[in-house]
Amino acid sequence: MGACTSKITGRPAGKYNEMPAQSEKSTKSTDRLPVKILLLGASGSGKTTIFKQMRLVHHMPFSRQEIESYRQLIYLNVTDGLQSGISRMNTTGFFVSEENRELLRVVENCDRDLKDDQPFPSEYHHFIEWLWRDPNVQAVYRNGNEAGIPENLSYYSQNLDRLFDPHFQPNNQDILHAHVLSTGITETTFPLQTRHDLVLVDVGGSKSERRKWRYCAEGASAVLFVVNLAGYNQFMREDEDTNQMEDALALWEKTCRDPSLANTVLILLLNKCDLFEEKIAYADIKNFFPDYKGPSGDPEAGRKYFRNKFRDISREIFAAQKRNFHCHYTTATNTMNIRLVMASVQGTTIFPSTTVTCFRS
């Protein structure tokens, strides 16, 4: 099994690991049959959010230590995300409004090291709120987001009063929206209601991490290839010259052609449908993909367009390999949606002869 034989690997040591090791201990049993699924996709696609959702689906709540770690991570997501996004925004020719530039300097210099159980510093509450509402920040975020302002800032900005409450404790939605760059390989086993164990392997999606993918292919029953559907108007944070969706399309083709995955079911998950539906109302697909012929602002037509682009890439490859094209629309922060999608995945592709659902209700 190469690099994937260890139980839990690859999360950077430190305070803000997405999935702390003590919560990922294997529950394998010698009398149970493992079914290995790889989570692949570019950084920011939502792979790790799906990984966290699987814990909720399987009734594995976050520990108090994890909740505290996520609380501190959320503070960093809000402060660092806003500051770095605005800094990158300046390179596109946009600047924070004159009346807000002093606020930016305050946020840039704010203390990032939140201690255990220390509330979010109240003095930054309204500064952050005003900066997020700055018309130039909103213009960049809505019209191309070339600065790569983190998408979760939209969610957290709507909850600033709650986040800055001295007694704030993250709920599941707050934790699902929290983001840290995934690196290395993380493997977790979930017991199913059949004699199978689901072994879910999450591999970092940044360009420097993708070379590790092939080392995890051995023994995999399926690949869940996750795409940020809302990334059609965004550039990659690690490569400002590459559109996120263009990168995902190229990565999908490479994955389809990968000989180490030739006998593995490939399942496309077009993720972040909720953000896509919001964004398409003001960011026309045609401005980024001129061959789009559908109506502007129509999420159904937009989803179908991108689905067809991925299907067209794989059509000839899959025909030669006698593989079917599988695609699901997902919102990784929606637990019920992920529960239903994973039930469909197991019922139609991985365990086609299983009549009893493998995912707990």
Side-chain angles (χ1 to χ4, degrees), residues 16 43-44 71-115 118-166 168 170 174 177-181 228 230-245 272 274-288 296-297:
Y16 304 111
S43 178
R71 190 185 70 87
Q72 296 176 36
L73 175 61
I74 290 167
Y75 177 68
L76 279 180
N77 278 183
V78 172
T79 55
D80 281 4
L82 186 60
Q83 189 272 324
S84 64
I86 292 175
S87 296
R88 290 164 59 94
M89 186 177 90
N90 296 342
T91 66
T92 69
F94 288 86
F95 300 89
V96 172
S97 301
E98 183 67 37
E99 61 270 24
N100 286 332
R101 290 182 185 173
E102 183 59 35
L103 302 182
L104 177 59
R105 284 188 281 272
V106 172
V107 173
E108 285 176 337
N109 295 320
C110 73
D111 187 2
R112 299 291 201 269
D113 188 18
L114 203 67
K115 305 296 190 297
Q118 177 189 349
F120 289 16
S122 59
E123 61 268 29
Y124 301 130
H125 179 175
H126 294 299
F127 295 163
I128 291 170
E129 183 177 20
W130 293 332
L131 280 174
W132 173 251
R133 292 181 179 178
D134 185 280
N136 291 342
V137 173
Q138 287 298 304
V140 170
Y141 183 76
R142 293 167 65 89
N143 300 307
N145 196 12
E146 295 182 21
I149 297 173
E151 293 168 333
N152 62 358
L153 281 182
S154 179
Y155 169 81
Y156 289 134
S157 69
Q158 299 173 44
N159 293 276
L160 287 177
D161 288 346
R162 185 168 57 85
L163 300 185
F164 278 87
D165 186 292
F168 166 66
D174 300 329
H177 280 87
H179 177 71
V180 67
L181 181 65
N228 177 10
Y232 71 92
N233 74 331
Q234 295 176 227
F235 293 95
M236 298 176 65
R237 292 179 64 84
E238 59 191 295
D239 181 359
E240 297 180 15
D241 295 324
T242 304
N243 175 279
Q244 285 190 21
M245 185 63 73
K272 303 191 181 183
D274 56 337
L275 295 177
F276 178 74
E277 291 186 10
E278 293 176 9
K279 183 177 291 187
I280 200 173
Y282 53 79
D284 196 337
I285 294 175
K286 294 177 184 177
N287 293 337
F288 306 92
S296 299

Aromatic plane relationship, Tyr155 with His177 - under 30° parallel, 30 to 60° tilted, over 60° perpendicular: parallel
Parallel, tilted or perpendicular, as decided by the 30° and 60° cut-offs, for the rings of His125 and Phe164: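 Aromatic pair Phe164/His125 classed parallel.
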So, for [X] and [Y], which heavy atoms are closest and what is the spacing to 0.1 Å?
X	Y	result
Ser157	Ser154	OG-O, 2.9 Å
Glu151	Ala230	OE2-CB, 3.9 Å
Phe127	Val107	CB-CG2, 4.1 Å
Ala283	Phe288	CB-CE1, 4.5 Å
Arg71	Pro119	NH1-CA, 4.0 Å

Between [X] (side chain only) and [Y] (backbone N and O only), is there a donor and an acceptor less than 3.5 Å apart?
X	Y	answer
Asp134	Ser97	yes
Tyr232	Phe276	no
Asn152	Ala178	no
Gln234	Asn243	no

Whether over 12 other heavy atoms sit under 6.0 Å from Arg101 CZ: yes
Working for side-chain contact (heavy atoms from CB on, under 4.5 Å), residues Asp161 and Asp165: CA-CA 6 Å; Asp161 288 346; Asp165 186 292; over 6 Å; no
Looking at [atom1] of [X] and [atom2] of [Y], how far apart are the two atoms once the value is rounded to the nearest 0.5 Å?
X	Y	atom1	atom2	value
Ile74	His179	CD1	NE2	13.5 Å
Leu104	Ile86	CG	CD1	5.0 Å
Leu73	Asp174	CG	CG	11.5 Å
Lys279	Ile285	NZ	CD1	11.0 Å
Asn77	Leu153	CG	CG	7.5 Å

Can you confirm whether [X] sits close enough to [Y] that some side-chain heavy atom of one is under 4.5 Å from a side-chain heavy atom of the other?
X	Y	result
Leu114	Pro121	yes
Thr79	Tyr124	no
Glu99	Trp130	no
Trp132	Leu160	no
Leu131	Val137	no
Val78	Leu82	no

Under-4.0 Å salt bridge between Arg105 and Glu108: no
